[in-house]
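Reckoned from all heavy atoms, side chains included, excluding hydrogens, waters and symmetry mates. Labels below follow one simple rule: chain letters A, B, ... track the order of the sequence lines, proteins then strands, and each chain is numbered from 1.
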Number of protein chains: 2
Amino acid sequence: MKFKLIVLSALAAAATFTAAAQQATPTPAIYSAKTLAELPLVRDAALKSDYAYERTRFMTNNIGPRLSGSAQAARAVEYVAEEMRELGLEVRLQELKVPHWVRGIETGELTEFPGMAKGTTQKIVLTALGGSVATPESGLTAELVVVTSYEQLERLGRKGIEGKIVLFNEKFDHRLSDSGEGLKAYGQAVRFRGGGPSAASRLGAVAVLVRSAGASQMRLPHTGGTRYADDVKKIPAASVTYEDADLIDDLVKQGTTKMRLVLTPKTYPDAVSHNVIADLKGSERPDEIVIVSGHLDSWDLGTGALDDATGVAAAMQVPYLLKQLGLQPKRTIRVIAYMNEENGLVGGTEYAKAEANNIANHIAAIEADLGASHPMGVLFAGKPEALPFFTPFLEVLREHGSGLIRTEGGVGADIGPLTQRGVPSFAPWFNTRTYFMYHHTAADTFDKVNPEELARVGSVMAVTAYALANMEQPLPR
Amino acid sequence: MKFKLIVLSALAAAATFTAAAQQATPTPAIYSAKTLAELPLVRDAALKSDYAYERTRFMTNNIGPRLSGSAQAARAVEYVAEEMRELGLEVRLQELKVPHWVRGIETGELTEFPGMAKGTTQKIVLTALGGSVATPESGLTAELVVVTSYEQLERLGRKGIEGKIVLFNEKFDHRLSDSGEGLKAYGQAVRFRGGGPSAASRLGAVAVLVRSAGASQMRLPHTGGTRYADDVKKIPAASVTYEDADLIDDLVKQGTTKMRLVLTPKTYPDAVSHNVIADLKGSERPDEIVIVSGHLDSWDLGTGALDDATGVAAAMQVPYLLKQLGLQPKRTIRVIAYMNEENGLVGGTEYAKAEANNIANHIAAIEADLGASHPMGVLFAGKPEALPFFTPFLEVLREHGSGLIRTEGGVGADIGPLTQRGVPSFAPWFNTRTYFMYHHTAADTFDKVNPEELARVGSVMAVTAYALANMEQPLPR
């Protein structure tokens, strides 16, 4: 998650609209006439296909949550490999050692607060942050203190924090998110999830709560990974719903408020898991690779439909469509179902390491990991000089409202290590307005996937991948 | 709850817009010039007041959920009585014996389904229906069967149902609800919550699930009361989220799907509780009564903010405002905080019984129990001949967009027994579009209350009550 945050803040910083690609004159020599004629066929096949939708169904409804190290994650690896073999692809599994953290009991209740009825408590809805250590089995009880910034935490100092449970009450910016900038809102809100526990522990806090980094308005907590600094005592950390954060804030303002917190997650030794790598070999330049990808692992509260079964399924659909149309790309299209995006990024990191001497052959990388609402086009991380290369395929996508392009510093966590090494990188671009309602909650389930919208995501992925695999010239990088 | 359902279906049946009241010529003799001049003052005081908002805060944040028989419900009785005494009202507590049901552990998981990863389960998010009996402590495991109607249940018969867990998968009509007819959508969806367990038990089912009767789209179950027929074996009953209902439906269609269900609620002997009855005595006709009311009990998942702390608080605010303005009504305004609306309706029933010989002195009854969004006006249950009496005060409310009136067969569960005995009955009228998102869920919490909207609810309640208490003529009934 640490890495993901860096990418996200790069996203926020580098966010600029680029009209150049739309306005530049197409360069006919970049694509053969045959390829240009095939792109609309690929798009139309994608728009008609339910391949990705049915694969999403299986990964979510029939397999379920797929947190790294779980039996479901292992089953998902098997499933994607089988499906890709069935399409005739060359499949290999890249072995990884991934974190293995398992959620336990998680309850919170206010045991003392102004005006309470004798013998009662107020329930606090919360969920452990991924990687959190446990409380004692019987829980811990301590006074609550609320802060909204690291500065405020420091001002309170050891005297104000020691022995307390600290709530980081940074509000998710709904207005920013509603305006389409969900990633920015998330980037702002998520700061305390990663760093809050360590900062509070340094001042002697006994546990940390963070207000959910997300847009749910239905008392549903958003989980996500936390990470302890090496030099601090690890203290239990959980995410509370915005409703419960508001409740705590209100009561703490009125007087002494205490909470009992029980979290019993367990961290096991790292588990063996895998990236699934499946190649549809290129006809002319088989050594050159265009990646289509998503991540196979998910958080454990929901079934990881939007995060990220749809991304994996849309990637799997690319070779399916090309086979269906009888098209073989000139370069190799490589489907990667990455493992462990959510709590370690081991899959993305290890893939880039393993291919360290082969980066130049990675012509492009596409990852879909921002949900599956209507795609407005593609996000691009790379040299601006490359933009004119995209005009022809963006025009094909534009007919269905998916022809915009926006440049970013990074576009996907798993392909981030490739982006950083200069591989031109792409992602379907959504406004993410609704994504952060469901993100990392129990409500990220199959029903949230709209089959028509997913078909459009598939069309963006397939058209982009096929075009890049068939370019007659290399991309500037 | 049984009674409530009758009222609701009456609502649906009798729903007609009535323009008569708006168009009729005001009858000056109904109100004194003084009263007519005071009504806008009452309205404006309500719009400026945060009295109801702060009382709602205390009942939800400081007291919490208030299910009948709980310590919190007892504390809420005390609180409302104290607050009313503080205003100088004559307060009495009407003793009641109320059901005392306490939620326990509640978990569901699919233990067998097509494609499952070995050794895994799929979690099912559910909550026990109020009044449900328990499963064995270790739970029960059985095959699932899905029906969408009682006809389908009957067609499957004992052969298809015996030994199974039946899911009643009636969908909540979001489109109807979004169009403002949330009550109709609720009335349709809720049929199986009350009657489903008995119907399935007759055919040998071992447990019942109902798809949540509500509009949450965030994997949050809606609870509510169920009621067993006298002639059936009581079987455990729970409400599942729409997401989990969809999941079960999908998997059952694919093949054998089994579920383990654990519900450990307990039913204790009936508990002593109270209606709070507080009178602001009338100056001219103290024996004649206009009721302003809401219900003090709530379901236990949330803190009963919209259902119905806001209703109680808006009623409490009526005497507060009149005292603030130095106005004494001609008739007595009686604040009632009813107990046990949610799972028995004991408070409303017993009040009407106790006043059986005094019904004629009950000039009108107002209850607010449909949330606290912007009020469009008032619902009215009574003789159409009474409508012209309302024109003057509706005009006062119309200036702030709350001047419409709509006639219904019944307008509130607690005052229903009075309505049935001919007491003209009123409720603030909302479109209920958002109400059924939060209704009976954990998300019915204080943050859902908008202070400005609640102030408007308060203005409708206070203006209506003061006008009715000061009429120079009796209402036709």
Could you look at [X] and say if it's the side chain, the backbone, both or neither that has a heavy atom under 4.5 Å from chain A?
{"X": "B:Thr445", "answer": "side chain"}
{"X": "B:Thr60", "answer": "backbone"}
{"X": "B:Ile248", "answer": "neither"}
{"X": "B:Asp250", "answer": "side chain"}
{"X": "B:Thr121", "answer": "backbone"}

Point-to-point distance, once rounded to the nearest 0.5 Å, from [atom1] of [X] to [atom2] of [Y]:
{"X": "A:Met218", "Y": "B:Thr241", "atom1": "CE", "atom2": "OG1", "result": "11.0 Å"}
{"X": "B:Gln217", "Y": "A:Tyr438", "atom1": "CD", "atom2": "OH", "result": "6.0 Å"}
{"X": "A:Arg75", "Y": "B:Thr120", "atom1": "CZ", "atom2": "OG1", "result": "9.5 Å"}
{"X": "B:Thr303", "Y": "A:Leu247", "atom1": "OG1", "atom2": "CG", "result": "7.5 Å"}

Any side-chain heavy atom of A:Pro65 sitting closer than 4.5 Å to one from B:Gln122? yes

Contact check, side chains of A:Asp447 and B:Tyr242, non-hydrogen atoms, under 4.5 Å: yes

Nearest non-hydrogen partners of A:Ala443 and B:Glu243, listed with the distance: CB-OE2, 4.4 Å

Of all the heavy-atom pairs spanning A:Ala71 and B:Ala117, show the shortest one and how long it is. O-CB, 3.9 Å

Less than 4.5 Å to any heavy atom of chain B: does that hold for the side chain of A:Tyr79, its backbone, both, or neither? neither

Let me know if A:Lys118 has heavy atoms under 4.5 Å from chain B in its side chain, its backbone, both or neither. backbone

Could you tell me whether the side chain of B:Gln254 and the main chain of A:Asn62 form a donor-acceptor pair under 3.5 Å? no

May I ask you to name which of A:Leu220, A:Leu110, A:Asp246 has the most heavy-atom pairs under 4.5 Å with chain B? A:Leu220

